[in-house]
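A quick write-up on the structure given underneath.
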There are 2 protein chains.
Amino acid sequence: MSKQPPPADCCVAPLACAPLTEDEAAELAPLLKAVADPVRLRLLSLIACHDGGEACVCDLTAAFDLTAPTISHHLKTLRRAGLIDSERRGTWVYYRLNPGVLERLSAVLAPRAATTR
Amino acid sequence: MSKQPPPADCCVAPLACAPLTEDEAAELAPLLKAVADPVRLRLLSLIACHDGGEACVCDLTAAFDLTAPTISHHLKTLRRAGLIDSERRGTWVYYRLNPGVLERLSAVLAPRAATTR
DNA sequence: CTTCTGGATAGATGGATGTCAAATTAGAGG
DNA sequence: CCTCTAATTTGACATCCATCTATCCAGAAG
């Protein structure tokens, strides 16, 4: 924990600004890996686009030709990466996007400092 | 090829705009997968930051504690994903970023239509 | 308490992936 | 032609990962 990342409020150090350190790369890669799957991409999109910004697992499962455990596994992967959060309300569990994480990834991949402009 | 993607000039259909179709997700995932590796992230960054926007393989290999074949393998992965291009000049091979692809990924992950804000 | 349903976990399996050592190709220069 | 160096390819190996079936946990409602 000695080396803390850049402030993160301004330039999130896009890839093309300065060479990524080994630590930065090691921190970013798992995030991107969580996103780098067609099912999880669609899950993120479905959650983000759903009414109220949240979606029930049953809604999500219905959108795929996959078994419920598989969807549950992907949701867990996204949650452990910090991309989504879950909340149980009665019988159902709702997922919503954790804002900021996706934006950070977007900023890192942007050709230049992209948060503004 | 019946369903063509959105114009791509304006809104590149970020994830949160409309639910990603199965085809869109299937096309984006391999791109992200190519980026979702700490070594490849640093390779991209090193190439992007290098003088003239290009870097020789020997320069890249020197930046890692990995063997030359391993770096070559990662470069091939990036090249097949369309993220970089290579050019041989004499004995050396130079890699440069293929602009646009990274921008597209960045735009897709952006919270909203981010190209034009 | 019992039962039903939504969702998660456990375990198994086939396929993808990162890494290396060894062999191969491509120029450059005797 | 021979040799040296830069880079890639090949083949092997260990690990990871997406998916499934079977099982388990948590509320809700009888």
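First the proteins, then the strands, lettered A, B, ... as listed; each starts at 1. In what follows, every heavy atom counts, from backbone to side chain, and hydrogens, waters and symmetry copies are set aside.
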Please say whether the positively charged group of B:Arg79, taken as NZ for Lys or CZ for Arg, lies over the ring of B:Tyr95, i.e. under 6.0 angstrom from the six-membered ring centre and within 45 degrees of the axis.
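Output no; distance or angle outside limits.
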
Do B:Arg88's NZ or CZ and the ring of B:Tyr94 fall within the cation-pi criteria of under 6.0 Å and 45°?
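Checked: cation-pi criterion not met.
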
Between [options], spot the one nearest the side chain of [X], thanks.
X: B:Val93; options: C:dG18, D:dT8, C:dG7; answer: D:dT8
X: A:Pro69; options: C:dA21, C:dG18, C:dA10; answer: C:dA10
X: A:Tyr95; options: C:dA8, D:dT19, C:dT19; answer: C:dA8
X: B:Thr91; options: C:dC20, D:dT5, C:dA8; answer: D:dT5
X: B:Thr67; options: D:dT8, C:dA21, D:dC20; answer: C:dA21

In degrees, rounded to 10°, what is the bend between the two ends of the helix from C:dC1-D:dG30 to C:dG30-D:dC1, using five pairs at each?
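Rounded to the nearest 10 degrees, the bend comes out at 10°.
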
Any donor and acceptor pair, going by atom type alone, linking the side chain of [X] with main-chain N or O of [Y] inside 3.5 Å?
X: B:Asp85; Y: B:Arg96; answer: no
X: A:Thr61; Y: A:Ala68; answer: no
X: B:Ser45; Y: B:Leu41; answer: no

Quickly work out the [X] [atom1] to [N] [atom2] distance and round it to whole Å.
X: B:Glu87; N: D:dA7; atom1: CD; atom2: P; result: 14 Å
X: A:Arg80; N: D:dC17; atom1: CZ; atom2: C1'; result: 12 Å
X: A:Arg88; N: C:dG6; atom1: CZ; atom2: C1'; result: 7 Å
X: A:Leu43; N: C:dA8; atom1: CG; atom2: C1'; result: 15 Å
X: B:Ile71; N: D:dA6; atom1: CD1; atom2: P; result: 15 Å
X: B:Leu66; N: C:dT17; atom1: CG; atom2: P; result: 18 Å
X: B:Arg89; N: D:dA7; atom1: CZ; atom2: P; result: 12 Å
X: A:Arg40; N: D:dC17; atom1: CZ; atom2: C1'; result: 9 Å

5'-most contact on DNA chain D: A:Lys33 or B:Asp59, nearest heavy atom basis?
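Result: B:Asp59.
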
Upstream residue (5' side of DNA chain D) when A:His74 and A:Gly90 are each assigned their closest nucleotide:
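Taking each residue's closest nucleotide, the earlier one in sequence belongs to A:His74.
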
Judged by each residue's nearest nucleotide on DNA chain C, which is more toward the 5′ side, A:Trp92 or A:Lys76?
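On the 5' side of the pair lies A:Trp92.
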
Tell me the closest heavy-atom pair linking B:Ala25 and A:Arg42, and the distance in Å.
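Answer, listing the atom of B:Ala25 first, then A:Arg42: CB-CG, 3.5 Å.
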
How long is the gap from CG on A:Leu60 to NE2 on A:His50, to the nearest 0.5 Å?
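With rounding to 0.5 Å, CG (A:Leu60) is 7.0 Å from NE2 (A:His50).
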
Can you find a pair of side-chain heavy atoms, one from A:Val93 and one from A:Glu87, that are under 4.5 Å apart?
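SC-SC contact between A:Val93 and A:Glu87 ruled out.
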
Give A:Leu75 one of three labels, base, sugar-phosphate or nothing, depending on what nucleic acid heavy atoms sit under 4.0 Å from its own.
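If one applies the 4.0 Å heavy-atom cut-off, A:Leu75 turns out to touch nothing in the nucleic acid.
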
Can you see if the side chain of B:Ser72 gets near the phosphate of D:dT8 - specifically, an N or O under 4.0 Å from OP1 or OP2?
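Looking at the OP1 and OP2 atoms of D:dT8, one of them is under 4.0 Å from a side-chain N or O of B:Ser72.
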
